[in-house]
Amino acid sequence: MELSQRGPKKQTSFEQLAETGPRFKCPDYNGNCQLASLFAQGMEMKKIETALHQLRIAVKDCKLVDSSDDFLLKRLRVQDFDVARANKMLRQTLEWRRVNGVDRLLDTYTIGEVIKKYFSLGRVGVDKYGCPRLLLSTRNKEFSDYCVYTEEKYVEAAREERERTGRPISMHTVIFDFEHLSMKQLTCKPVAFELMVLTKLQFAHYPLNMRRAFIINAPKLCFQILFAMVKPFVNETVLANMRVFGNDKTEWTSALLEEIDADQLPAFYGGTMTDPDGDPKCPSKFNMGGEVPQSYYLCNNAPIAKKYMETLHVFAGVGGRKKLKYKIETVPSVMRWEFMSEGGDIEFRVYNSNLKDGEDLIPPNRVDSHLVMEEGEVTCHQPGKYVFEFSNAFSYLITKKVNYHITVHPSTVVGK
């Protein structure tokens, strides 16, 4: 893949990785997906306007979180302006937001101590286009919720910048620093699993929110493995927005300053921004993270089964599933659960078996319930037979013991 650069062309490890594949030129998006911007990139204005109009008609029954052209055009672009696919994608996102309470997340989510202290992340300013920019010690869901919370904060920041400047901003620029990334970290099972989950989440529900992704200090071998893992889930339009560099600081500093003013970039990364005390890393705005002390590891405090819990065993292999069925006649009803597993993690899902193909209220989700009690709830809005399913099909040898307590009000248990 050929990445757009100003000045002399230098091949990066990312390009070497994809040198036998298709090549793309990376357009410089001005922080939005406006019609004029797409037209400038060579697309037919009539085609764009027609697709946008058709999508608006298709989703007129939906309560959109954002009704702007930008919001709809992002879905159309990643679906090659196929209106039916964009419509399906948008509806799946709206359902995902409903199931996970995303619209309330900014008001209800509390960042855990270990994430607040050791997760490296921060928003330090805007780029020249106006775009704002640990897994053994935190539960999968807690970490995923934090990543969704972060995306929602980025969306909020873009909206605030749009209101402040009057510019049609709906994207952000991100710098990923892979310094110290090791093969051991990358091949760790929780890291690999969360990486794939979060990549799919990003491009399914927040498509084209990144105007540019700068990846710096990328170790060649580790990055090749990383890229191979996430590439199947990443749209080619998104890949074209990525600029990847090794550990040549002069090269990536120059690239950053092409798109980010020096006073908006920490001095540690080649800009002039510092904290009031002169710290070039700007810790007041940007958390550099660090190694998590073992005292935070969840395995230090494994969950204990409660007296009122029931028990079942889920065998390993393809047939390793247990289904708990609940008949719900009065809606809305709330299903609540708490469970723990012994022998390792377990997968669960919740769906309505009366609907075509079964409607996933909770999609298949592997959780570390052997490390911490898994708790949650979901609202059932349609009558029918709901299924709470445990799966151990991903395991080859180990049978999992599950202690659980599930309630539905009002409901009648019809079988196991």
Open item on the list: Students often mix this up, so state it plainly: with edges at 30° and 60°, are the rings of Phe214 and Phe245 parallel, tilted or perpendicular?
Closed with: parallel

If only atom types and distance count, is the side chain of [X] paired as donor or acceptor with the main-chain N or O of [Y] below 3.5 Å?
{"X": "Asp277", "Y": "Asp279", "result": "yes"}
{"X": "Arg56", "Y": "Ser67", "result": "yes"}
{"X": "Asp368", "Y": "Leu371", "result": "no"}
{"X": "Ser333", "Y": "Cys380", "result": "no"}
{"X": "Thr93", "Y": "Ala204", "result": "yes"}
{"X": "Lys400", "Y": "Asp345", "result": "yes"}
{"X": "Arg349", "Y": "Glu389", "result": "no"}
{"X": "Ser254", "Y": "Thr250", "result": "no"}

Between [X] and [Y], what is the shortest heavy-atom contact and its length?
{"X": "Pro266", "Y": "Cys282", "value": "CB-SG, 3.9 Å"}
{"X": "Ile398", "Y": "Gly343", "value": "CG2-O, 3.6 Å"}
{"X": "Val372", "Y": "Pro303", "value": "N-CD, 3.7 Å"}
{"X": "Thr330", "Y": "Ile328", "value": "O-CG2, 3.5 Å"}

With rounding to the nearest 0.5 angstrom, report the [atom1] to [atom2] distance, [X] to [Y].
{"X": "Asn392", "Y": "Leu397", "atom1": "CG", "atom2": "CG", "answer": "10.5 Å"}
{"X": "Leu55", "Y": "Leu73", "atom1": "CG", "atom2": "CG", "answer": "8.5 Å"}
{"X": "Asn87", "Y": "Arg85", "atom1": "CG", "atom2": "CZ", "answer": "12.5 Å"}
{"X": "Leu256", "Y": "Glu251", "atom1": "CG", "atom2": "CD", "answer": "10.5 Å"}
{"X": "Thr108", "Y": "Tyr149", "atom1": "OG1", "atom2": "OH", "answer": "10.0 Å"}
{"X": "Ile48", "Y": "Asp69", "atom1": "CD1", "atom2": "CG", "answer": "11.0 Å"}

Task: Residues Phe390, Phe348; criterion ring-ring contact (aromatic ring centres under 6.0 Å, His included); working and verdict - done: CA-CA 4 Å; Phe390 290 107; Phe348 81 102; 7.1 Å; no

Task: Result of checking Tyr404, Tyr326, Phe388 against Trp337 for ring-ring contact (aromatic ring centres under 6.0 Å, His included) - done: Phe388

Task: Pairing of Arg211 and Glu259 as salt bridge, 4.0 angstrom limit - done: yes

Task: Presence of salt bridge, Glu329 and Lys327, under 4.0 angstrom - done: yes

TODO: May I have the step-by-step check of side-chain hydrogen bond (donor to acceptor under 3.5 Å, both in side chains) for Glu152 and Tyr206, ending in yes or no?
DONE: CA-CA 9 Å; Glu152 290 294 307; Tyr206 299 96; 2.6 Å; yes

Open item on the list: Evaluate Asp61 against Arg91 for salt bridge (Lys or Arg N to Asp or Glu O under 4.0 Å), listing each step before the verdict.
Closed with: CA-CA 10 Å; Asp61 61 313; Arg91 290 178 181 275; 2.7 Å; yes

Taking side chain as C-beta onward, heavy atoms only, is [X] less than 4.5 Å from [Y]?
{"X": "Met335", "Y": "Val378", "answer": "yes"}
{"X": "Gln54", "Y": "Thr50", "answer": "yes"}
{"X": "Val65", "Y": "Phe71", "answer": "yes"}
{"X": "Met89", "Y": "Gln79", "answer": "yes"}
{"X": "Asp145", "Y": "Tyr109", "answer": "yes"}
{"X": "Val331", "Y": "His381", "answer": "no"}
{"X": "His409", "Y": "Val334", "answer": "no"}
{"X": "Leu265", "Y": "Leu257", "answer": "yes"}

Looking only at the side chains, is there a donor atom on one of [X] and [Y] sitting less than 3.5 Å from an acceptor on the other?
{"X": "Ser391", "Y": "Arg321", "result": "yes"}
{"X": "Asn217", "Y": "Asp177", "result": "yes"}
{"X": "Asn354", "Y": "Tyr386", "result": "no"}
{"X": "Ser284", "Y": "Asp275", "result": "yes"}
{"X": "Asp70", "Y": "Ser68", "result": "no"}

Task: Aromatic contact, Phe394 with Tyr396 (centres under 6.0 Å) - done: no

Task: ring-ring contact (aromatic ring centres under 6.0 Å, His included) against His205, all qualifying residues, sequence neighbours excluded - done: Trp96

